[in-house]
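Quick note on labels: first sequence line is chain A, next is B, and so on, each numbered from 1.
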Amino acid sequence: MRKLLDAYSPHFADRLALFALLVLVVAALAAPLISPQNPYDLAQLNIADGRLPPGTHAGSDTATGPQHYWLGSDDQGRDMFSAILYGLRISLTVGLSSTLLALAFGLSLGLLAGYFGGWIDTAVMRIADIQLSFPAILIALVLLAVLGQGVGKIITALFAVQWAYYARTARSAALVERNKDYIAAARLLGLSTWRILFRHLLPNCLPPLIVVSALQVASAISLEATLSFLGIGLPITEPSLGLLISTGFQYLMVGDYWISFFPGIALVLLIVSINLVADRLRDVLNPRLQKQ
Amino acid sequence: MSSSILPRMTTLRACFVSLALAFAAAPHGASAQELKIGLSSSPVAVDPHFFNNDAVSALCSHIYEPLVAIDADGKLAPALAVSWRTVNDTTWEFKLRKGVKFHDGSDFTADDVIFSLERPATIANSPSSFTTYTKSIVAKKVVDPLTIQLTTAAPAPLLPNDLTRIFIVSRKAAEKATTDDFNQGKVEGGTGPFKLVKFSKGENLQLARFDGYWGNKAAWSSVTLKFLPNDPARMAALLSSDVQLIENVQANLVSQFKSNKDLNVFEKMSNRYMFLYTDHRDTSPFVTDKAGKPLDKNPLKDARVREAISKLIDRNTLTEKVLDKLGVPNANPAPPGMFGHNPNLKPDALDIAGAKKLLAEAGYPDGFGITIFGPNDRFINDEQVLQAIGQMLTRGGIVTKVQTQPMATYIPKAAKKELGFGLLGWGVGGGEPSSPLRGVLATTDKDKGLGASNWSSYSNPKFDATLVEALSTIDDKKREKLFQDAAEIAIKNDHAIIPLYNQVATWASRKGIRYTPRPDEATLAQFVQPE
Amino acid sequence: MTDSPASASRSSPLVELRHISKLFVRSPDLAARVAQKLGAAVSTETVHAVDDVSLTIARGEIVGLVGESGCGKSTLGRLAVGLYAPTSGQRFWYGEETGGAPGKQTERLAIDELPASERQAIQIRMQMVFQDASASLNPRMRVGAAISEAPLAHGLIKRQDREDWLAQLMRRVGLDPSLAERYPHQFSGGQRARLGIARALAVQPEFIVCDEAVAALDVSIQAQIINLFMQLRADLGLTYLFISHDLGVVRHISDRVVVMYLGRIVEVASAADIFERRHHPYTRALIAELPSLSQRHRVYQPVQGEPPSPIHPPKGCHFHPRCPFARAECITERPALREIAPGHWSACVLEP
Amino acid sequence: MTEPLPVLDVSHLSTHFATAKGVVRAVDDVSLRVQSGQILGLVGESGSGKSMTGFSILGLVDPPGKVVAGNVLFKGQNLLTMDPERLRQLRGDRIAMIFQDPMMTLNPVLRIETQMVETLQAHQSISRSLARTRAIEALADVGIPSPAERLSAYPHQFSGGMRQRVAIAIALLNRPDLVIADEPTTALDVTIQGQILALVQRLCRERQTSLIWITHDLSVIAGLADQVAVMYAGRIVESGPVQSVLAAPLHPYTEGLLGAIPALHERGEPLRAIPGATPSLASLPTGCAFADRCPRAFAQCSVPLGETEIAGDAGPRRTRCWLHSPVPAPMPTIQR
Amino acid sequence: MLVFLLRRVMQSGVALLVMSVLVFVGVYAIGNPIDILVNPEADSAEIERATAALGLDRPLWTQYLIFLQKAFSGDFGNSFVHGSSATQLILHRMPATLELAFAALVIAIVLGIPLGLWAGLRPESASGRTIMGLSILGFSLPTFWVGLMLIMVFSVQLGWLPSNGRGSTVDLFGLPVSILTWDGLKHILMPALNLALFKISLVIRLTRAGTQEAMLQDYVRFARAKGLKASRIVGVHVLKNILIPIVTVLGLELGSLIAFAVVTESIFAWPGMGKLLIESISLLDRPVVVAYLLIVVAMFVVINLIVDILYSLLDPRIRLNAAAD
């Protein structure tokens, strides 16, 4: 464990980021267990408890009964602490699942394109090129306008935005790996194409993609927040961090800072820690720097 | 529904501005003769006949005038016509104002009126045409240069109201002009208090005082209307004295602005009528049981259910808390003071027990599930209002999901009746309540031009008959009664829609500037005065 | 076809390459073709990596293939095992001796024309040992798994026998069987070379192409591996095509040496003849440049010039621009590979 | 000793790398001497520290590597303690270096001209046109055809051999007193290697330039060098005149190296390979690093030892082996 | 070169075609623009008139074919809302966006490269680590948040910079440019900085990674062995090599700068194309949306072309013909 940590990074800031990320992930996972309120259940909210400052004890008329609003409540009487935990859940869900889906899909296509070349390659890469010639935010904007709202839809949109990137990266990795002699050896040994693709090519194309996708999770979360901030993507009753920031902004300086401030801190903390950890991962996994 | 289509970006409703209250910079730059206003829309044209859109019309109101105007109380007032009367059931006569000059110096005559009434029909690519208001006219007769008679096929009691929408332009100046010519300021064909200096789409409209104006001269020699749809940007612009007046103050800033000694705030109950439409069809797409399974029978079809919904909504909480007081509970399409206001129509009070009883009577003692839809970028705190309603209904047993979306995606879906239950606001213009009655409540009938926005599929022949009669009744008293009756049938008896409140329109200015607030929410430089 | 330089000593062939050529062509895409139509000079780049090469390798023989980088020796090796499909020409495999002793009838099979299942069976009889042992081992696979993967997949060994089998094979190539669960990067260069050999041996091949298999190794390790190769041949009766740029190594290990220059075979002879009776001027230059331990303060008199680009090789004899003996005919005509002495073939017009 | 002042006198040079796995002694107590006009062959297998010795002499060791001990006297001046600016001025001017991979040593995005002119201008104030002329001469000297035209070419427009010629031309531009050549022919074909060797030999002889030729190939050294030093695991195990060392190696490692060369064997006969593999520089034994591969190792070999000088026919020889130590070793305290 | 250009033109043509279909269908799927354009007071007859007037009464594929036919002659149709040419509308707004994007690019380069070099040369130093830490922050902070914070601090609290809009402009070669006036500069500073933030981080990281890698290369060691001064090694040998990836990436990023200007333009009320796009989407003004995307993609194509040419100028190893795959 100690060794692992040393291999990861000797610097305090990097370790702090890892720790913060772990805490955030655990908090998000355990949200339904530790949050005093289900912020997505309208029956548990009371507008009368709207915009309560942190620490207020109130809430006589809600399904959960009176409670402490440790981080205050939003305009709908949503407990901010619960809302942030659930928001983290959404952010992580959206970031992880869109990235994983895109990774899986893009990786498969990229591997096939890179390994087989020919028309498969041409077809996949042309589609990816076209996809990549649209800026991500524009695709997401138009797509979400078409799809409507919901976690599934924003995942779809973010998936659509990302897959081509992985396809291209995986393809170039596959092109490099395909020409390495262990693939030639595998072919000579009469191994089946699927075995070569998945047992030999895939594991070797994966590491750079894993680093990329770790960073991509952060940018997907950020993009989700931006889209939520722009008012598309998620339903208002199931706010993600971006949406909480967005709704809270109008109260920020009226004095009700907590509605926007705490989710903002959570979002920034989440993205920064993912990026920091991913950044370390990149250095740790980069063989060129490792040799040093 | 609103007619100002350019949405504010809700999402950028960030409001850090008030921090500036303590730091607000001293006013600078602007001399008393110069006025800069921040608008919340970005109108696309200054051709008064191109696009039937409130923001465009408000912009054009600086340069052009109609025959009949709407005053600051929402009532008809003489403008380029000094008086009007019916000659017979189908003919109106307008006496025109004497001594009015166009910006190019030519005289205003009846011929210009004829030209202006004909011009809308010549603009083929209009996204929303003004012919709505002119097509009832079948004949135009110039009695003398300052008198004109307009004949309609059927009795048209609302013609003067319709003509508040038609701006008069000079035939000489505009006969060959295109919309682009108007936008580029090549047409000096208005009679209004300001002349166009430069229109920069998406940025601003620059105006100069028209010294030959027939009425009270504007207090400002030059006016710039800046288009600042972004709320925080607009607020910041006022606080940093970039502009001296803004419209649509962010709801949660109103009280802060009021207590700021450098600012004035002006409020007026708007004629924007907010309500929920409910699906009257046999089945409705988003109505489910509590577990989320679709129901084969639509509970909303039952008037008792609709009434229960209305009773579950605490309108005072909505207006006081959610809207930060920028709303007045109201059940009446015609707000108090407007022609056709029905004093019998009162908003339902919160009555959870009563509502539950009604639901039980209707066969839903345990309630049901529903999704409420609405825009998130259009009305004051629309998203918060919808969520609050969701809470209120859920509390009463109707488990409610809330879906909000930008106006652009919301409206087309609602218009296709894909949603069933949602929030709508209707700017009741023209000084009388016929437009919401006609558009929202009348049975859809393309030929008669009724029910174009009847998304709830409400249909009551008695209401229709009453409304149609009203629309052809010249006598003001009788017509007003018919309007009142029609509203009562649909809203009080049938609970066809669930009325909520009227918005309160707001403006804020730097100290030293006054604005006369208007119920139509328009921001007009001629109504801005130095203190 | 008898013009292929077959081994004189051993007449039982195992692999035969007949008029094999490999062209690497970058063909113009749609845009280039359109541009061509528009009159632009769009050239198709063609590399004659291997140009009409015929070679027969006898059962149990070690054929050394030498030449400088870019001469096509690696390509030829890959063609021989079937990693590349030839642009033209055929590969033959001589099956088990069928008849009794006197007839020595063997069955000649055109490998690439066989049905897939039969081709597969022959294909795994031909394996390759690669130059860069670290690139030729899957870095994310434990070495034991990598070695036993193919025989398990082909049913050559049973899963329950794997351990014993693996231990035996690893010991055979000089590796400690306890290292089977490690990853390639945990091995030294020499061990990795042994791993590459073990993997090739796993499917019981008869013919192994060693492509610069010792080039990346230090001298002391190189000697170990060369010894291993020789040991394995003795034990298993393997046949090698031993590709190397190092004439010293090739001379030591090979029975017969093939010299290539720019895609063509220029000389074939027994290892002894190549050194003692070298004929082709290129072979002479190669041997002359061979560093020698015995010379002190030697005066280098290298052959001039550099190998031309394989995209635009010289006409006639490819070596003529650098050849001190070049004649007029060398510039225009491609010299045929002719047998200048029994078992000694040379593509040069010079008299032996 | 009546020897003239050597061009380069390296004594007890040590370069260590601090890594996560411990201290790597890349260069450990290395002493070398190069006389004017002499060619020293520095031989060793990969990882023996021969390249790092070259870098250490020139002060080109990158972190985490660090020269931790020793002296490098160039014409009597200690390069290791010298002011960095003065060292820079010496580098490329009086001492030059040539690298292994001609593909990588020339900056791919700069014209040959730029890379040559800057080398001249870094050490003398010289006009651009004069520098160009000098550059053209230098290219001609190394046998680049039509040098004036080729001057404006980019490195990738040259073949590998030509690139190495250019690198040599650059190294020799300022007529240095000493050139350190780090495996400059390893990446080249045998015929090209011959050309480069001929070139270097000719130029050094003409200009009386001293040369350290780093290589793994003893047979190259055999024909080229006057002196040879054999490195193993960061240390020089044997050095001396080429003919003596090759004819009668003192150290078992040198002996093993020679034994592994196929040319010295009958065809097909098993080679006398050195068993085992090179040890990791991070965990060297305290005594002789070769001991566990050495056929003649004995108990004493685990005791640290220094170099022993032995007189030879062609000049003094040195080795680092207990077999040749005049002093009996103390009894080993640690049994391996 | 010709082949290269042709290849590009053909690829781009296909991309543009596919994109136009997708956007056409996409905007169609969002909804009928008539519903939000027509004044609610209008009756069904007016709705039908407007539908016909805008050509929306025909089947979608017919509409598309008509669009395509016109598009080939350079006419992307008239805006539903404005009535005037969609292309004109966009071109009118383009200079503002381009100016913003270029200003952001310049900021990213001017700040990013020196900082990245510094961090790359001293990766373990406190300053190097601080720079990298900040770059991670710049990478992570969502643009919208930073934009609002900037306004809050510099406009509202400190009152130093105007919060919105474009300042006074001067015509330069017929294009309005705001960076030549003091007022214009004050207006562009914050939005450009906001837009640049992410790219600064990107440039820092690219430069740092490139520098670290370049410093390990033999040519750097050779340059040191030649006795070159450190300034020349870093300023010429290293910089010229790392510029290649930086130019490539930045060129490609210019496209995303233009795209992300959508967010920044909304926050700072910058009168550019992005704001027009947001407005047009919210009005379902299909001709403008389609024209915008076509023009932006066409700009990408041109930018990429320029990047490739620049690339070949910077990196002599690259011949354009070889950029086939």
Q. Any side-chain heavy atom of D:Val220 within less than 4.5 Å of one from D:Gln193?
A. yes

Q.
Which heavy atom of E:Ala119 sits nearest to which heavy atom of E:Ile131, and what is that distance?
A. CB-CG2, 4.0 Å

Q) Using a cut-off of under 4.5 Å for heavy-atom pairs, which of D:Gly92, D:Pro155, D:Gly59, D:Ala167 has the most such pairs with chain E? A) D:Gly92

Q) At a heavy-atom separation under 4.5 Å, does D:Gln115 approach chain E through its side chain, its backbone, both, or neither? A) both

Q: Report yes if the side chains of E:Leu98 and E:Ile258 come closer than 4.5 Å at any heavy-atom pair, otherwise no.
A: yes

**Q.** Contacting region of D:Ile95 [heavy-atom separation from chain E under 4.5 Å]
**A.** backbone

Q: Can you tell which part of E:Leu243 gets under 4.5 Å to a heavy atom of chain D, answering side chain, backbone, both or neither?
A: neither

(Q) How close do E:Gly272 and E:Ala96 get, counting heavy atoms only, and between which atoms? (A) CA-CB, 4.1 Å

Q) Considering only heavy atoms, which portion of D:Gln89 lies under 4.5 Å from any heavy atom of chain E: side chain, backbone, both, or neither? A) neither

Q) What option among D:Gln157, D:His123, D:Met97 has the most heavy-atom pairs under 4.5 Å with chain E? A) D:His123

Q.
Can a donor-acceptor pair be found, under 3.5 Å and without considering hydrogens, that links the side chain of D:Glu118 to the backbone of E:Leu228?
A. no

